[in-house]
*Asks:* 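Quick one: the structure is below, and I'll ask about it shortly.
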Amino acid sequence: MSWVPSERQQERDAYRRSRARRSTAVAFLSTFALVAIAVLALVSSPGWPRVKASFFDWDVAVESFPAILQGLWLNIRVMAVSAVLIVIVAMGLALARTLRGPVFFPVRALATGYVDVFRGLPLILVLLLVGFGLPGLRLQGIPTSAVALGTLALVLTYSAYVAEVFRAGIESVHPSQVAAARSLGLTRAQAMRHVVLPQAVRRVIPPLLNDLVALSKDSGLISILGAIDAVRAAQIETARYANFTPYVVAGVLFVALTIPLTRFTDVLARRSGWVGAQSTLAGGGALR
Amino acid sequence: MSPGRMRDPMPGRPLRLDRPLLSVRGVRKAFGDHVVLDDLSLDVHAHKVVVLIGASGSGKSTLLRCIDLLEDVDDGVIELEGQDITDPRLDANAVRARIGMVFQAYNLFPHLRVIDNVTLAPRLVHKASRAEAEAEALAVLERVGLAAKAQAFPDELSGGQQQRVAIARALVGKPAVMLLDEVTSALDPELVGEVLTLLAELKQAGLTMVIATHEMGFAREVADEVCFLHEGRVHERGTPAQVLGNPREERTREFLRRITGP
């Protein structure tokens with residue numbers, strides 16, 4: 001026999017539906033009001049006509065767009081290459097810090113020192129030191145292009161952060177998992193590789209994507225070494241048209257690049273049951 | 001699988017069947033100032049089931065963890081099949097592979113399917129091929145009644161089923177001895193039975209087991225010897241009928257009164 005909801009349940013459902021309709025209406029109205037106030041405040045400000053002319057010039061935007069897009073392509077390539085290198089170096093650092101035994105003391109100490117130094121140094125200083133200092137050594141095999149040196153600086157700095165994310169993941173796996181693996185006769189390395197790491201990496205994927213979003217923006221900093229990325233291209237276009245609109249175009253492009261990444265992070269975080277990772281629309285937890 | 005199968009620990013030396021399979025002599029273990037095991041001795045003969053009882057903190061789990069070399073003893077000797085396994089020159093991984101351990105909280109690997117939980121050690125430690133390991137694993141899962149769940153993930157199983165998978169995972173390496181640490185304490189009362197029934201079947205098959213438990217009815221049923229642990233020593237030992245039915249020591253009587261209620 002099929003289940004027919006009782007009258008009481010039908011009445012509850014009807015109430016919930018009416019509440020849901022009301023919530024949608026409220027959300028729509030409050031958003032509209034907020035946007036309207038912001039736009040009005042902007043447009044009615046005394047300097048708006050001048051700001052509009054120098055930051056939101058449609059013709060300048062259209063004409064500078066191809067050059068900035070080409071610059072962004074460099075950002076994307078730098079980001080992709082450094083992301084891969086960062087994951088490899090950071091995993092090496094995180095694993096080095098878990099090594100036991102006196103033989104590995106220098107490795108452990110080096111990894112710890114590395115993380116301490118490169119988390120403490122501002123990225124822009126690392127960029128300048130690597131970008132202008134390394135080529136000055138005139139060593140064989142050291143790259144001289146701004147893009148390669150910029151990528152190297154990004155990898156140096158970000159590896160220190162990402163190593164700590166990996167280490168947090170490794171330490172979040174309960175010791176009883178290692179005990180179970182070792183009790184079966186697995187070596188320390190086998191337990192790490194087959195039991196701890198798979199669980200650790202799964203747990204830290206949302207924070208890793210968060211760092212990827214940050215990296216996509218910081219890839220713009222390589223412009224200070226002279227690489228023509230989206231930021232540098234916007235700067236050139238700005239000078240050419242004596243108009244700031246190209247900066248706005250570059251900003252819009254960066255946001256367009258990172259939004260899909262952030263949404264993807266949210267989806268993954270929700271799937272792994274993170275508290276506070278509910279969708280923006282629902283707003284808050286499921287309990288009334 | 002021949003459960004009571006004896007391996008030759010030291011080739012060329014005749015295996016003495018009259019000697020205990022597992023012998024714990026004068027073991028001491030302290031965590032900081034807290035002495036958990038104090039000059040503890042215990043013998044387990046092949047095909048016998050020894051049940052450890054005692055209050056929380058009496059050292060049951062620590063003793064099992066010391067035997068499985070998950071903790072280093074501070075003093076004393078543990079011999080498995082005539083070999084001193086507390087010798088630091090020994091490959092501890094090879095020793096652990098000869099001992100099956102089952103934990104209170106199952107400790108299954110949540111990212112691996114049931115079949116992969118069971119085949120992990122055969123493939124990595126015993127270097128079996130995947131096909132070989134899976135055939136063996138399915139046979140053991142069949143034995144614990146869970147062959148149908150081979151492709152499930154641990155969190156899709158009930159607590160009792162998870163614990164039976166954990167037992168299968170320990171059994172598949174054909175251990176010389178099984179150590180079971182409060183394996184029913186985390187289970188709902190109605191799920192305890194299925195695990196205890198399985199353990200009774202393993203005893204029938206001749207497995208050597210050391211079981212820490214609070215299930216006195218079960219202890220009475222399967223134990224060849226019951227050891228009451230108190231203050232880090234075996235305070236009283238004997239047949240289940242004697243230790244549980246007519247304890248000699250006042251501490252034992254007191255413990256039994258407390259857990260069975262007034």
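Atom set for the values below is all heavy atoms of this structure, side chains included, hydrogens, waters and symmetry mates excluded. Letters go in sequence order (proteins before strands), and every chain restarts at 1.
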*Asks:* Measure across A/H194 and B/H111 and return the closest heavy-atom pair with its distance rounded to 0.1 Å.
*Replies:*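 Taking A/H194 first and B/H111 second, the nearest heavy atoms are O-NE2, 2.9 Å.
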
*Asks:* Do we see a donor-acceptor contact under 3.5 Å between the side chains of A/R182 and B/N93?
*Replies:*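 The answer is yes; a qualifying pair exists.
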
*Asks:* Is it true that atom CZ of A/R77 has more than 12 heavy atoms of other residues, nucleotides or ligands lying nearer than 6.0 Å?
*Replies:*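 Yes, the 6.0 Å shell around CZ holds more than 12 heavy atoms from other groups.
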
*Asks:* Flag yes if more than 12 heavy atoms outside B/K203 fall under 6.0 Å of its NZ atom; otherwise flag no.
*Replies:*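 Buried by this count: over 12 neighbours within 6.0 Å.
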
*Asks:* Which atoms of B/I99 are under 4.5 Å from chain A, going by heavy atoms: the side chain, the backbone, both sets, or neither?
*Replies:*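 For B/I99, backbone heavy atoms alone lie under 4.5 Å from chain A.
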
*Asks:* Any chance CD of B/E142 has more than 12 other-residue heavy atoms, nucleotides or ligands included, within less than 6.0 Å?
*Replies:*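 Open: at most 12 neighbouring heavy atoms sit under 6.0 Å from CD of B/E142.
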
*Asks:* What are the two closest heavy atoms between A/S183 and B/L70, and how far apart are they?
*Replies:*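 Shortest heavy-atom separation between A/S183 and B/L70 comes out as N-CD2, 4.2 Å.
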
*Asks:* Supply the atom-to-atom distance B/L124 CG to A/R193 CZ, rounded to the nearest 0.5 angstrom.
*Replies:*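 Reported to 0.5 Å precision, the distance equals 8.5 Å.
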
*Asks:* Quick one: OG on A/S176 to CG on B/N107, what's the gap to the nearest 0.5 Å?
*Replies:*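 A/S176 atom OG to B/N107 atom CG measures 4.0 Å (nearest 0.5 Å).
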
*Asks:* Closest approach of B/F109 and A/A180, non-hydrogen atoms and distance?
*Replies:*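 Of all heavy-atom pairs spanning B/F109 and A/A180, the closest is CE2-CB, 4.0 Å.
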
*Asks:* For B/R169, which atoms come within 4.5 Å of any heavy atom of chain A: side chain, backbone, both, or neither?
*Replies:*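 Contact with chain A: backbone and side chain both.
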
*Asks:* Is it true that, when you exclude B/D72 itself, more than 12 heavy atoms of the residues, nucleotides or ligands shown sit nearer than 6.0 Å to its CG?
*Replies:*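 Incorrect, the count does not exceed 12.
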
*Asks:* Grab the two heavy atoms, one from A/L186 and one from B/A121, that are nearest each other, plus how far apart they are.
*Replies:*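 Where A/L186 meets B/A121 most closely, the heavy atoms are CD1-CA, 4.2 Å.
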
*Asks:* Is the number of heavy atoms from other residues, nucleotides or ligands under 6.0 Å of A/F28 CZ greater than 12?
*Replies:*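 No, because the 6.0 Å sphere around CZ of A/F28 holds 12 heavy atoms or fewer from other groups.
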
*Asks:* Please look at B/L179 and chain A and tell me whether the side chain, the backbone, both or neither of the residue comes under 4.5 angstrom of a heavy atom of that chain.
*Replies:*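 Contact with chain A is absent: no heavy atom of B/L179 under 4.5 Å.
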
*Asks:* Take atom NZ of B/K29 as the centre, draw a 6.0 Å sphere, and report whether it contains more than 12 heavy atoms from other residues, nucleotides or ligands.
*Replies:*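 Yes, enclosed.
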
*Asks:* For B/P110 and A/Q177, which heavy atoms make the closest approach, and how far apart are they?
*Replies:*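 The answer is CD-OE1, 3.5 Å.
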
*Asks:* Quick check: are there more than 12 heavy atoms from other residues, nucleotides or ligands sitting under 6.0 Å from CZ of A/F254?
*Replies:*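 Atom CZ in A/F254 is packed in, count exceeds 12.
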
*Asks:* Are any of the side-chain heavy atoms of B/L120 and A/V195 separated by less than 4.5 Å?
*Replies:*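 Contact flag for B/L120/A/V195 side chains = yes.
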
